[in-house]
Each structure stands twice: as C-alpha cells, then as structure tokens.
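Here the structure is a predicted model, which is why all the values come from computation and not from measurement. Letters A, B, ... are given to chains in the order of the sequence lines, protein chains preceding strands, and every chain is numbered from 1.
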There are 2 protein chains.
Amino acid sequence: MKLLDIGEVAERSGVAVSALRYYEDLGLITSIGRKGLRRQFGTEVLLQLSLITLGKAAGFSLQEIAGMFTKDGQPDLPRGQLHARADALEAQIRELTVLKDALRHVADCPAPSHLECPKFRKLLRAGSVTAEV
Amino acid sequence: MKLLDIGEVAERSGVAVSALRYYEDLGLITSIGRKGLRRQFGTEVLLQLSLITLGKAAGFSLQEIAGMFTKDGQPDLPRGQLHARADALEAQIRELTVLKDALRHVADCPAPSHLECPKFRKLLRAGSVTAEV
DNA sequence: CCTTGACCTCAAGCCGGCTTGAATTTTCAG
DNA sequence: CTGAAAATTCAAGCCGGCTTGAGGTCAAGG
C-alpha cells in the first residue's frame, strides 16, 4: 500500500496540515507509522477525511464524529443519531427558508418601516425568531 | 413612552442581560438614559432586537448587523447585501439538503461499506465535500 | 429607615477548532 | 555531500460572542 506524507494528505484532502495533526491528537485519524519522525498515512485516511468533512458540514462536533469510527478506523455509524441529525437538518432547512424569504421581502418591500409590515412580522413569527414586542 | 429596565428587556426579548450590555458596547442598541446607574430602554429596542436576532440567524455577524442601523437606531437595510445573503442562504439550503439525503442514505443503506456505494459517493460529490480519494 | 434584589463596571475566562511561532530534525534532489 | 524543503513538538494565540466573578451602587417596598 502506498504511504502518504502528511503534506500529501493535506493536498489531496483539502485539510490543512495543522488540522490533520490536530485530528490525530483527537484520535480522529491514525497514522500507520513513522518514517524517521514523519507520520505515514495509508490512503484510507482520505476516505475517513471525506466522512469527517461530511460530518462537520452536517453539524456534528469533532467529538461526535470521533464516536463514529471504531478503534481501527472503520466507520461505525449510529443510525439513530444520523436520523436525528437529518431531522435537525430538515428543521434547519425550513428555518433558513423562512429566513431567506424574510430577507428577500425586507430587501424589496417598499414599506417605510418593515417592522410595521404585517407580512414581514408574519414571516418572523414563522421563524420563531421573535420577541414579545 | 414607557421605559424598560435591562431585566425587562431581557425577559421580553429572550436575550440575556449580559448580551444586552455587550450589544450596547458594540453600538447595536442604545439606552435612552439612566435612572441612577440603571440603563433605561425605550420599547423600540425590542423591535431592534428582533431584527438583530433575525440577522444573526441569517448568518450576519454582529458587526455587519451594526452596519444595518443608522446612528439613531433606525434600520437602514442594504438591499444588495440582503439579496446576496439570501443567495448564500439558498446555496446553504441546497447544500444542507444534499447532506440530509446523504445522512439518511448512510443510515439506511445496507451496503457493507458506504464508501464503496456509488449512490453515496454521488451524493457526496454533489455537496462539494469530497477529497480526491 | 433599611434591607434586598436588581443593577452597575471591569477584567478575565470559555468554547471549539484550529493556526502560528520558535526551535529543531530529517529527507531527498542535485 | 550539501542545502533547501518539509517535517517535527510544544505552547500559545486567535476568533466571535458572549458569560462569569468580584466588588460596588442604588431604588423601591415594607
């Protein structure tokens, strides 16, 4: 199996060298061994990094992601947790959609004060972002 | 006009007292004056806080939000910026949707290794979250 | 009048997720 | 063989957005 220097992992994964060391500290990835001082990574680390990046984008913390790999680096994905996160993402998507519409409305509404526009207020309320004004 | 103690503003806006002081430091909100030591706020601060909360939810930084109020606290919303942010939100929504689908797929796909499932890989690529594996 | 609870200021701390810097060591191309 | 490029460790710093703590002040109800 071809071994990769940390720099090559960084280049191919798009993850900074310093971040890779940090991930190794956290136990998120593992180097196969050393050549002199230098860490050597197997190519499977690239797949792991894809999953890590995916997990981060989905809003998991690094700690949570760490819990999704077994000690030997195999993904071990907790179905329930994933569905829960997917549900959370759906909720977030709905929220962001409301927000986006509110933003467009604010940008385009010719009313003197948005705060008095009933449509705008309704949008806000739909987003659970409102004080008791 | 009725004046509000900071505690009442906190209660009615859902924003912590410490956060309100912080916002005042940043110039995001303004107290009308003091009664003794105590800040007194006008009720319009509640509307401002709604907008601030909205802006935060939409991903604006506090600095950016500060730029959306005139010196006298009137909203002064930069249309272009709002549309740009709405566009960004749309992009984020698309990304999150892909993510959500990927998550559901991972949770349900019976394949031994998700990393080898073509459908999963396709989902990942669609989300621009992939390394050159 | 006096207590008490809400308020005040200021500096420091916390969170996650890295990045940066300094001082070294090693590898590899020429 | 040599010298540059790339790697190493470790501690400290940075970011935004607050929160916390210590120590002090004050207004209003009983």
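- Here the side chains of B:Leu96 and A:Gln92 are in contact, with some heavy-atom distance below 4.5 Å.
- Between B:Ala16 and B:Gly36, the residue anchored nearer the 5' end of DNA chain D, judged by the nucleotide with its closest heavy atom, is B:Ala16.
- Inter-residue side-chain proximity for A:Phe41 and A:Glu8 is flagged as unmet; no heavy-atom pair is nearer than 4.5 Å.
- Regarding A:Leu4, its CG atom lies at a distance of 15 Å from the C1' atom of D:dA7, rounded to whole Å.
- When the P atom of D:dT9 is taken as reference, atom OH of A:Tyr22 falls 16 Å away, rounded to whole Å.
- Looking at B:Arg38, its side chain has no donor and acceptor atom pair within 3.5 Å of the base of D:dA27.
- Taking the nucleotide of DNA chain D with the nearest heavy atom to each of B:Ser61 and B:Leu37, the more 5' of the two is matched to B:Ser61.
- At least one side-chain heavy atom of B:Ile32 sits under 4.5 Å from a side-chain heavy atom of B:Leu3.
- At least one side-chain heavy atom of B:Leu4 sits under 4.5 Å from a side-chain heavy atom of B:Leu46.
- The stretch residues 38-63 of chain A participates, sequence neighbours left out, in these salt bridge (Lys or Arg N to Asp or Glu O under 4.0 Å) pairs: A:Asp5-A:Arg38, A:Glu24-A:Arg39.
- Atom CD in A:Glu11 sits about 10 Å away from atom P in D:dA6, given to the nearest Å.
- For DNA chain C, the span of nucleotides reached by chain B at under 4.0 Å from its heavy atoms goes, 5' to 3', from C:dG5 to C:dT9.
- With rounding to whole Å, A:Asp25 atom CG is found 9 Å from D:dC10 atom P.
- With D:dA6, D:dT20, D:dT9 as the candidates, the nucleotide lying closest to the side chain of A:Arg21 is D:dT9.
- As judged by a 4.0 angstrom heavy-atom cut-off over every strand, B:Arg39 is placed among residues touching the sugar-phosphate backbone only.
- In this structure, B:Phe69 and B:Ile29 have side chains that are not in contact, with every pair of non-hydrogen atoms separated by 4.5 Å or more.
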